[in-house]
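Chain naming here is simple, since letters A, B, ... match the order of the sequence lines and numbering starts at 1 in each.
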2 protein chains.
Amino acid sequence: MAQQPEAGRRAPLNKERVLRAGVALADDSGIESLSMRRLAQELGVVPMALYKHVPNKEQLLDGMADTVVAQIDLSASGSDWKDVVRRRVLSARRVLLRHRWASQVIESRTGPTPAVLEYLDSMIGTFRDGGFSVDLTHHAMHAMGSRLLGFSQELFDDSGSAGPNGGAEALAAMAAKYPRIAELAAGAAHDTASAVGRSCDDQFEFEFALDLLLDGLEKLHQRGWTSTGSGSGA
Amino acid sequence: MAQQPEAGRRAPLNKERVLRAGVALADDSGIESLSMRRLAQELGVVPMALYKHVPNKEQLLDGMADTVVAQIDLSASGSDWKDVVRRRVLSARRVLLRHRWASQVIESRTGPTPAVLEYLDSMIGTFRDGGFSVDLTHHAMHAMGSRLLGFSQELFDDSGSAGPNGGAEALAAMAAKYPRIAELAAGAAHDTASAVGRSCDDQFEFEFALDLLLDGLEKLHQRGWTSTGSGSGA
DNA sequence: ACCTGAACACCGTTCAAGT
DNA sequence: ACCTGAACACCGTTCAAGT
């Protein structure tokens, strides 16, 4: 984790080593503990030395995000655009799950990094090669949104939110206040026969939403939908 | 903007005034310039005074997010679940557009605030009242994702990204490198007759994706879809 | 010419000293 | 008992002094 903290004869620093150490530090200790000073220390180097390879912290984060996005496997190909999109997105998701801090950092970038541009370009190409018009492709990309990159904001996480102050009674109070949420959290399965116990499978939810979007796009495409005339759907 | 900077006789501080000042400061100067010290100064108060009303900065942000989410109009009702969901989500979007910092802050919260819980609860109720099973409602909420709260990560913004160093030639270089993106950015309309010039209408894109999801959910609902058996769609 | 320690202008938060 | 200035342990980044 700490790379050769002995003085002298450290490997010469370069941008790639700085970025890789940043990724490793964020992976291990969380993005909130990534500071220029801490990263320098991790590399056995004086803080100022980093500024030789990276202009400032913001561009360090750009580079780290790029490093992660570049890991997405874009090699999927074939005649079925839906399958190709699906495989790339699921590859993106696997990458982003390995670097939990990355979605937050990607979102906070002001502009897209080169790897993001490359990813978007290849994804647009898949829709176009599948016969989508430029117009529909444009809307499709927006519809996919952050799901394209393998993440989507989860607004709540339905694992037990029992804090330190009281478990059962706090949960009961919440159930009384927000009965619909409690109903969902209670199992999401007491009106189906067999799915009891599966409280929330993130992967399933992700693919459910992904397929909902892909199926909807497929229907629009088959129907020859364009943004002029048909309004907004149905 | 600066509230009574004259010394003496300032209105007594309370939590609500602190939160409102925080929201105003973030609206005016951006979330990155919201610091405890700066906020205190804005209120004509010593930094330590804030800690009487808010335990720390993180909970200040919780409170600010809550203040914003509480502004969403939940009064929409009727027998058409889709219309009700749509109206609430578009109200959420209007609120979030008034407070550009809010989506980022909401995402960065570790747990949902009371106003978010109330919003989610009422939205779940709308699906349930529309006849959705608990199971399908659960997946529907995940599928809507952050779009429920009126925002969705836009991974790129297709307005001209010509930086200070070179306009046209930089753009041409980008077009050569990412031809599919350039094609989309170039107008998104040269294969339709009349929509020339509308480069990207955020509101349209938002509603397009929203309706794609709502239409897909409607079809699943009509079909009596459940998560057991039918796999993941179509 | 290169490198780097000290310094600058900030942070969020603690704590002891003052009233 | 209450309030608050100074202090602590940090930041990112600049810059001048040292080699």
Can you tell me how far [atom2] of [N] sits from [atom1] of [X], to the nearest Å?
| X | N | atom1 | atom2 | result |
| --- | --- | --- | --- | --- |
| A/Leu60 | D/dC11 | CG | P | 14 Å |
| B/Lys52 | D/dT4 | NZ | C1' | 9 Å |
| A/Gln41 | D/dA9 | CD | P | 15 Å |
| A/Leu39 | D/dC10 | CG | P | 17 Å |
| B/Leu61 | C/dG12 | CG | P | 10 Å |
| B/Tyr51 | D/dG5 | OH | P | 16 Å |
| B/His53 | C/dG12 | NE2 | P | 18 Å |
| A/Glu58 | D/dG12 | CD | P | 11 Å |

For the pair [X] and [Y], find out whether any cationic side-chain nitrogen is under 4.0 Å from an anionic carboxylate oxygen.
| X | Y | answer |
| --- | --- | --- |
| B/Glu118 | A/Lys177 | no |
| B/Asp62 | B/Lys57 | no |
| B/Asp73 | B/Arg88 | no |

Checking A/Asn14 against A/His53 for the side-chain hydrogen bond (donor to acceptor under 3.5 Å, both in side chains) test, could you report, in this order, the C-alpha distance in whole Å, the side-chain angles of both residues, the deciding distance, and whether it holds? CA-CA 6 Å; A/Asn14 57 40; A/His53 306 99; over 6 Å; no
Of the options [options], whose atoms approach the side-chain atoms of [X] most closely?
| X | options | value |
| --- | --- | --- |
| B/Arg37 | C/dC3, C/dT13, D/dG12 | C/dT13 |
| A/Val46 | D/dG12, C/dT4, C/dC11 | C/dT4 |
| B/Met48 | C/dG5, C/dG12, D/dT4 | D/dT4 |
| B/Met36 | D/dT4, D/dG12, C/dT13 | C/dT13 |

Partner lookup for C/dT19, please. Criteria are Watson-Crick or G-U wobble with both distances under 3.5 angstrom; report none if nothing qualifies.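 Across all strands, the one nucleotide that pairs with C/dT19 is D/dA1.
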Pair assignment for D/dA7, Watson-Crick or G-U wobble, requiring both distances under 3.5 Å: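 The base-pairing partner of D/dA7, which may sit in any strand shown, is C/dT13.
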Tell me whether A/Tyr119 contacts the main-chain N or O of A/Leu148 through its side chain, where contact means a donor paired with an acceptor under 3.5 Å.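 Yes.
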P atoms of C/dA9 and D/dA9, separation to the nearest Å: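 Rounded to whole Å, the distance is 22 Å.
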For atom C1', what is the distance between C/dT14 and D/dG12, given to the nearest Å?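 The same atom, C1', in both gives a distance of 23 Å.
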